[in-house]
Amino acid sequence: MPEGHTLHRLAKLHQRRYAGSTVRVSSPQGKFAASFVDGRRFVRAEAHGKHLFHVYGPDTTVHVHLGLYGTFAEFPHPVLEPVGQVRMRLAGPTHWTDLRGPTRCEVLTDVEVAALRARLGPDPLRRDAKPEVAHARVARSRQSLAVLLLDQSVLAGVGNVYRAEVLFRHGVHPLVPGNEVDRALWDDLWLDLTVLMRGGVKTGRIDTVRPEHMPDVTGRAPRKDRHGGEVYVYRRTGQPCLVCGTPVAAAELAGRNLYWCPTCQPA
DNA sequence: GATCTATGTAGAT
DNA sequence: TCTACCTAGATCG
């Protein structure tokens, strides 16, 4: 479920729950070296793209990447017996949280954290992000914009849902080559991503449909997709476009599903 | 209950 | 380009 907004939302939550407190950290499953941080003071939590960092002190940062499956679940005290495979359990003064199924959960030194972050492009959800850095990469690439938007070294945090939706909202065909994307279009896409993703951090869902295009949801079951919100094209293959009625198209590109409206996003 | 699918990435080929 | 990772909700029967 995680695109960048999920990780920023988790970082805010963990900051509120655990920052400044001494925490108990364990790995009921045994696959994480929890003893490096157990009993230490949780200094702060932050996110960059889809990466989450729990900072405990110099050269002691827990790096988490959820991958496709990873999830955090949080509960108020009392702490219960672990059920199933729990990679990391973190318990603070009022709440505890279990991490399951992440791609990464590891303790890194400051040099390792810096190296990891050096591989990431600017993140629309971070104040320090410079969109022109991402545009410089895009503008000199012949790869499609669809591929570039998912490349975390170009920009960090966009996933398959935001990719499909931001291209739709700007009427851009997914296969436009990067070197045909001028600065004005890039800035429009970037600004829209900051708005959409900040909304995602607030609500925990991905909502991209403008009010005037919102379908009549009365009498209809709530969306079952895990992103939870209303979207224009993501996973709406064959359903009518909310703007023009054309069936939404889908194709596989570089191993990921791509969705677009052939009419609203002409080649 | 079994099967399918996925908002992701690294590493092998 | 392919596969492994290995969770959980939706869908099928």
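Lettering follows sequence order; numbering is per chain, from 1.
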May I have the distance from [X] (atom [atom1]) to [N] (atom [atom2]), rounded to whole angstrom?
{"X": "A/Phe72", "N": "C/dA8", "atom1": "CZ", "atom2": "P", "result": "13 Å"}
{"X": "A/Arg235", "N": "C/dT11", "atom1": "CZ", "atom2": "P", "result": "9 Å"}
{"X": "A/Gln85", "N": "C/dC5", "atom1": "CD", "atom2": "C1'", "result": "13 Å"}
{"X": "A/Leu196", "N": "B/dT7", "atom1": "CG", "atom2": "C1'", "result": "14 Å"}
{"X": "A/Glu252", "N": "B/dA6", "atom1": "CD", "atom2": "P", "result": "9 Å"}
{"X": "A/His63", "N": "B/dT9", "atom1": "NE2", "atom2": "P", "result": "10 Å"}
{"X": "A/Gln29", "N": "C/dC5", "atom1": "CD", "atom2": "P", "result": "13 Å"}
{"X": "A/Leu7", "N": "B/dG8", "atom1": "CG", "atom2": "P", "result": "11 Å"}

(message) Taking C/dA8 as the reference, what is the distance to B/dA10 when you measure between their P atoms (whole Å, please)?
(response)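 Between the two P atoms, the distance is 22 Å.
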(request) Taking atom P in both C/dT3 and B/dT5, compute the distance separating them and give it to the nearest angstrom. (result)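 It works out to 16 Å between them.
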(request) Look at the rings of A/Tyr232 and A/Phe168 and say which category their plane angle falls in: under 30° parallel, 30 to 60° tilted, over 60° perpendicular. (result)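 Because their plane-to-plane angle is under 30°, the rings of A/Tyr232 and A/Phe168 count as parallel.
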(message) Apply salt bridge (Lys or Arg N to Asp or Glu O under 4.0 Å) to residues A/Arg44 and A/Glu46 and explain how you reach the verdict.
(response) CA-CA 7 Å; A/Arg44 70 171 191 279; A/Glu46 68 175 301; 3.1 Å; yes
(request) Taking Watson-Crick and G-U wobble pairs with both distances under 3.5 Å, convert DNA chain B into its dot-bracket string, 5' to 3', dots for unpaired and | for cross-strand pairs. (result) ||||||.|||||.
(message) Minimum heavy-atom separation for A/Tyr259 and A/Ala250, please, with both atom names.
(response)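 Looking at all heavy atoms of both residues, the closest pair is CD2-CB, 3.8 Å.
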What's the closest nucleotide to the side chain of [X] if the choices are [options]?
{"X": "A/Tyr259", "options": "C/dC6, B/dA6, B/dG8", "result": "B/dA6"}
{"X": "A/Ile206", "options": "B/dA6, B/dT9, B/dT7", "result": "B/dT7"}
{"X": "A/Gln152", "options": "B/dT9, B/dA10, B/dG8", "result": "B/dT9"}
{"X": "A/Lys50", "options": "B/dG8, B/dA6, B/dT7", "result": "B/dG8"}
{"X": "A/Val161", "options": "C/dT7, B/dT7, B/dG11", "result": "B/dT7"}

(request) Count the heavy atoms belonging to other residues, nucleotides or ligands that lie under 6.0 Å from CZ of A/Arg198, then report whether that count exceeds 12. (result)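 Counting other residues, nucleotides and ligands, CZ of A/Arg198 stays at 12 neighbours or fewer.
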(message) Centre-to-centre under 6.0 Å for A/His95 and A/His77, is that the case here?
(response)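 Distance test on ring centres: not under 6.0 Å, no.
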(message) With no hydrogens and no angle check, just 3.5 Å: does a side-chain donor-acceptor pair link A/Glu106 and A/His63?
(response)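 A donor-acceptor contact under 3.5 Å links the two side chains.
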(message) Here's a test for you: under salt bridge (Lys or Arg N to Asp or Glu O under 4.0 Å), which of A/Arg9, A/Arg16, A/Arg17 qualifies with A/Glu74?
(response)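 Of all the options given, the one that passes is A/Arg17.
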Tell me whether the side-chain N/O atoms of [X] come closer than 4.0 Å to OP1 or OP2 in [N].
{"X": "A/Asn257", "N": "B/dA6", "answer": "yes"}
{"X": "A/Arg100", "N": "C/dC6", "answer": "no"}
{"X": "A/Tyr69", "N": "B/dA6", "answer": "no"}
{"X": "A/Arg119", "N": "B/dT9", "answer": "no"}

(request) Just call it for A/Arg163: base, sugar-phosphate, or nothing, with non-hydrogen atoms closer than 4.0 Å on any strand. (result)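 A/Arg163: no heavy atom of the nucleic acid under 4.0 Å.
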(message) How long is the straight-line distance from CG of A/Asn160 back to CZ of A/Arg235, given to the nearest 0.5 Å?
(response)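 With rounding to 0.5 Å, CZ (A/Arg235) is 10.0 Å from CG (A/Asn160).
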